[in-house]
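See structure below.
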2 protein chains.
Amino acid sequence: MLDVARVAQVSIATVSAFVNGSANVSPAATQRIEGAIRTVGYQRNAVARSLKLGRTHTVGLTVPHITNPFFTEVVSVITQAFDRAGYAVMLFCTDEHLSNQDEQIRLLLERMVDGLIVARVGEDERFRSIVGATKAPFVLIDRLCEGVDADAVVLDNRTAVAEAVGYLTGLGHRRIAYVAGGTGISTMQERAAGYRAALEEAGLAFDPALVRLGDFHEMDGYAAAMQLMTLPDRPTAVFSANNPMVVGVMKALRDLGLNCPKDVSVACFDDFPFADVFHPQMTTVRQPVQAIGEQATALLLERIAGTAASEPRRLTLRGRLMIRGSCAPPSGWAAQSA
Amino acid sequence: MLDVARVAQVSIATVSAFVNGSANVSPAATQRIEGAIRTVGYQRNAVARSLKLGRTHTVGLTVPHITNPFFTEVVSVITQAFDRAGYAVMLFCTDEHLSNQDEQIRLLLERMVDGLIVARVGEDERFRSIVGATKAPFVLIDRLCEGVDADAVVLDNRTAVAEAVGYLTGLGHRRIAYVAGGTGISTMQERAAGYRAALEEAGLAFDPALVRLGDFHEMDGYAAAMQLMTLPDRPTAVFSANNPMVVGVMKALRDLGLNCPKDVSVACFDDFPFADVFHPQMTTVRQPVQAIGEQATALLLERIAGTAASEPRRLTLRGRLMIRGSCAPPSGWAAQSA
DNA sequence: TTGTAGGCGTTATCAC
DNA sequence: GTGATAACGCCTACAA
């Protein structure tokens with residue numbers, strides 16, 4: 001900018017005024033400055049600008065796994081939404097790992113991001129202290145954090161799972177297995193509650209033997225399904241509360257020579273692009289990814305702009321059951337009901 | 001930091017020395033500073049630090065679509081690799097849109113990123129001028145750019161496609177359709193060349209009627225397959241040069257009541273997590289995503305550190321044909337060859 | 001071992 | 001309309 005000023009034979013203040021349109025600059029000076037900018041190849045330094053202005057026009061985004069199709073889509077929506085607003089987003093994957101998250105948020109805060117969108121992982125306590133120590137606005141997505149009064153956009157997980165499991169009971173299933181990960185997370189507790197609610201609704205007893213809790217990974221789903229399907233009285237349906245695990249479940253069925261949906265019905269949480277392309281076409285609970293991403297972005301942008309009411313806002317969206325081909329009445333069911 | 005210095009009753013320079021471990025600080029001062037840091041909740045300001053040091057410890061990453069499973073995985077690997085190196089990465093999706101890319105790179109450069117990894121989109125000319133105008137190091141992934149001497153890590157697309165199509169001819173297919181997007185991109189030209197090479201190798205004539213060029217989208221793949229499969233002499237196999245389009249292809253087959261692989265064999269470029277979970281299990285060309293991401297990161301990091309030789313390095317990796325269930329000999333083939 | 005001072009590139013506040 | 005000049009928060013000689 002100093003160079004530009006020299007070449008254009010004006011003061012650096014005038015160049016700044018021109019670049020930001022903050023004051024009227026004479027046509028003559030304008031022309032000289034424009035020329036000078038081109039000749040020196042000037043580009044304004046956002047770092048210096050941020051230091052002075054106290055805003056970076058950058059936000060942080062942390063998610064557990066970007067390869068989880070739900071997060072892939074949410075990240076996609078969020079990055080594009082912020083892009084449109086002229087913001088850059090720094091992305092981090094916590095890999096469901098607590099220490100990663102702490103360090104990444106520290107890094108982000110140190111870089112003076114204007115705000116953060118966080119799909120939290122791990123215990124509430126540590127996260128709470130981090131949030132408490134900063135003035136940067138947070139928006140929680142997917143997972144809440146008890147005791148943290150931040151804006152949030154989440155799903156009504158309980159209802160969503162209840163609907164899906166209710167669909168299975170409606171089909172006639174009486175032994176419905178439940179496969180999930182990470183018990184310490186709000187999302188998972190709600191989903192488990194939805195499972196139990198649907199069972200109760202159908203007058204079915206909750207059987208702990210049909211519940212398998214793993215660690216979000218495909219192999220956990222595989223192991224879970226292997227155990228479940230070799231039970232003496234094996235379940236006729238399985239609901240996976242997350243997407244990576246259902247992959248393992250399907251592979252287990254394949255290795256066991258079990259056909260879906262003929263031998264066992266399967267449904268899972270989180271839709272994915274290939275869900276209706278191959279066989280069986282998967283019945284899933286679809287989250288409104290577009291809305292989640294856009295609302296979270298809007299919430300954070302308002303917070304940054306300071307136009308938001310001071311009390312935290314909590315948006316709870318509804319999932320949608322995508323009924324496809326992976327669920328059928330249990331074999332022998334027609335006979336029973338006849 | 002000024003506050004910390006005041007509370008600890010030392011100079012700001014001493015605090016800086018302590019924070020960076022750049023000089024010996026007396027135990028007494030250390031203790032007072034540590035206490036002061038806690039009481040004022042000090043966190044170092046990376047923006048000011050960057051301004052002074054001229055390095056942001058931040059890199060930019062732009063890809064066409066993060067929802068394309070290939071890019072999802074590459075982005076995942078790259079973000080984690082930079083994370084380990086203490087770097088933040090700013091992510092942008094160009095959405096295959098030229099003006100987006102220009103603007104995003106401008107934004108990134110303005111933010112003084114230490115370097116960029118770019119999966120380029122669009123014409124070479126504009127990209128070339130952008131690259132030429134900056135001193136920030138670039139690393140190209142997936143797609144090269146003629147006339148740009150930047151580091152790059154790409155795939156041997158020609159060989160990879162030739163192998164896949166060769167597999168189809170080996171199965172006995174004589175009419176193999178080719179579905180692809182974006183002709184202006186190095187990747188796509190190489191893949192098309194691989195297709196023709198395999199045909200030639202098998203002594204098959206190139207038939208323009210079997211080639212459908214769309215725009216990377218699922219619906220383009222759908223339209224292409226609809227046209228191809230209603231041809232009087234329809235192909236017995238189709239190879240999709242990208243992943244989104246093959247989804248459309250499969251949906252078209254389904255809507256046409258055509259079975260894969262019985263009626264028509266399908267293979268495509270880019271592997272995806274669900275490829276071997278459902279039926280048909282998709283035969284794909286798998287790119288070494290892990291290696292691509294890690295090599296690109298290493299290249300950029302070396303460039304940033306200044307430890308790299310000045311001439312640009314070009315890494316060309318090999319794809320791997322993942323043979324699964326979506327390809328079979330054409331119906332009637334056994335009879336013909338007998 | 002510790003302190004003082006200058007400057008990184010901007011923007012904002014004044015005078016002129 | 002334009003130009004000095006003082007911050008923004010940090011780092012780094014250099015001096016003490």
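Residue numbering restarts at 1 for every chain, and letters A, B, ... go by the order of the sequence lines.
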Seminar exercise, completed: Axis-to-axis angle across the helix from C:dT1-D:dA16 to C:dC16-D:dG1, five pairs each end, nearest 10 degrees, ~ 40°

For this session: Please answer whether the main-chain N or O of A:Ala46 pairs with a side-chain N or O of A:Ser50 as donor and acceptor at a distance below 3.5 Å.
Result: yes

For this session: Quick one: list whatever passes ring-ring contact (aromatic ring centres under 6.0 Å, His included) with A:Phe71, sequence neighbours left out.
Result: none

For this session: Could you tell me the separation between the CZ atom of B:Arg32 and the P atom of C:dT1, rounded to a whole number of Å?
Result: 14 Å

Seminar exercise, completed: Taking C:dT1, C:dG9, D:dT2 as options, the one with an atom nearest any side-chain atom of B:Ser26 is C:dT1

Problem set entry | Pairs flagged by salt bridge (charged side-chain N to carboxylate O under 4.0 Å, His left out) wherever residues 25-38 of chain A is involved - sequence neighbours left out | none

For this session: Verify, without hydrogens or angle tests, whether B:Arg128 (side chain) and B:Glu146 (backbone) share a donor-acceptor contact under 3.5 angstrom.
Result: yes

For this session: Hey, could you give me each pair passing ring-ring contact (aromatic ring centres under 6.0 Å, His included) that has a residue in residues 94-152 of chain B? Not counting sequence neighbours.
Result: B:Phe127-B:Phe138

Exercise. To the nearest Å, how far apart are A:Phe18 CZ and C:dT11 P?
Worked result: 13 Å

For this session: Would you mind telling me which of B:Leu61, B:Thr134, B:Leu108 makes a side chain to side chain contact (heavy atoms under 4.5 Å, CB included) with B:Val113?
Result: B:Leu108

Exercise. Touch check for B:Val47, heavy atoms < 4.0 angstrom, all strands: base, sugar-phosphate only, or nothing?
Worked result: nothing

Problem set entry | Interatomic distance where CG belongs to A:Leu51 and C1' belongs to D:dC10 [whole Å] | 8 Å

Seminar exercise, completed: Residue set satisfying side-chain hydrogen bond (donor to acceptor under 3.5 Å, both in side chains) with A:Gln9, at least two apart, ordered chain then number -> none

Exercise. Closest nucleotide of DNA chain C for B:Ala48 versus for B:Asn24: which of these residues is on the 5' side?
Worked result: B:Asn24

Exercise. Who pairs with B:His217 by ring-ring contact (aromatic ring centres under 6.0 Å, His included), at least two apart in sequence or on another chain?
Worked result: none

For this session: Examine D:dG3: is either OP1 or OP2 under 4.0 Å from a nitrogen or oxygen in the side chain of A:Ser11? Give yes or no.
Result: yes

Pairs under 3.5 angstrom, nitrogen or oxygen only, protein versus nucleotides 14-16 of chain C, please.
none

Problem set entry | Of all pairs that satisfy side chain to side chain donor-acceptor pair (under 3.5 Å), the ones with a partner from residues 295-310 of chain B, not counting sequence neighbours | B:Asp151-B:Arg303, B:Glu302-B:Arg313

Problem set entry | Contact list for residues 64-85 of chain A, test side chain to side chain donor-acceptor pair (under 3.5 Å), sequence neighbours left out | A:His65-A:Asp95, A:Ser76-A:Gln80, A:Asp83-B:Gln104

For this session: Please state how far atom CD in A:Gln9 lies from atom P in D:dG3, giving the value in whole angstrom units.
Result: 10 Å

Problem set entry | A:Asp114 side-chain N/O to A:Thr56 backbone N/O, donor-acceptor pair under 3.5 Å | yes

Exercise. Under 3.5 Å, is there a donor-acceptor pair between the side chain of A:Arg126 and the main chain of A:Ser99?
Worked result: no

Exercise. Does B:Arg111 use its side chain to pair, donor to acceptor, with the backbone of A:His57 at less than 3.5 Å?
Worked result: yes

For this session: May I ask you to say what A:Val10 touches in the nucleic acid, namely base, sugar-phosphate or nothing, with a heavy-atom cut-off under 4.0 Å?
Result: sugar-phosphate

Exercise. To the nearest Å, how far apart are A:Leu2 CG and C:dT11 C1'?
Worked result: 14 Å

Seminar exercise, completed: Heavy-atom contacts, protein to nucleotides 11-16 of chain D, under 4.0 Å, summarised as B (base), S (sugar-phosphate only) or - (none) per nt, yield BB----

Exercise. For DNA chain C, what residues of residues 105-112 of chain B have any heavy atom nearer than 4.0 Å?
Worked result: none

Exercise. What is the distance, rounded to the nearest whole Å, between atom CZ of A:Arg55 and atom C1' of C:dT10?
Worked result: 13 Å

Exercise. Can you name the side-chain hydrogen bond (donor to acceptor under 3.5 Å, both in side chains) partners of B:Gln287, sequence neighbours left out?
Worked result: B:Asp270

Exercise. Taking atom P of D:dC8 as reference, at what distance in whole Å does atom CG of B:Asp3 sit?
Worked result: 11 Å

Exercise. Taking CG from B:Asn45 and P from C:dC8, how many angstroms apart are they, rounded to a whole number?
Worked result: 18 Å

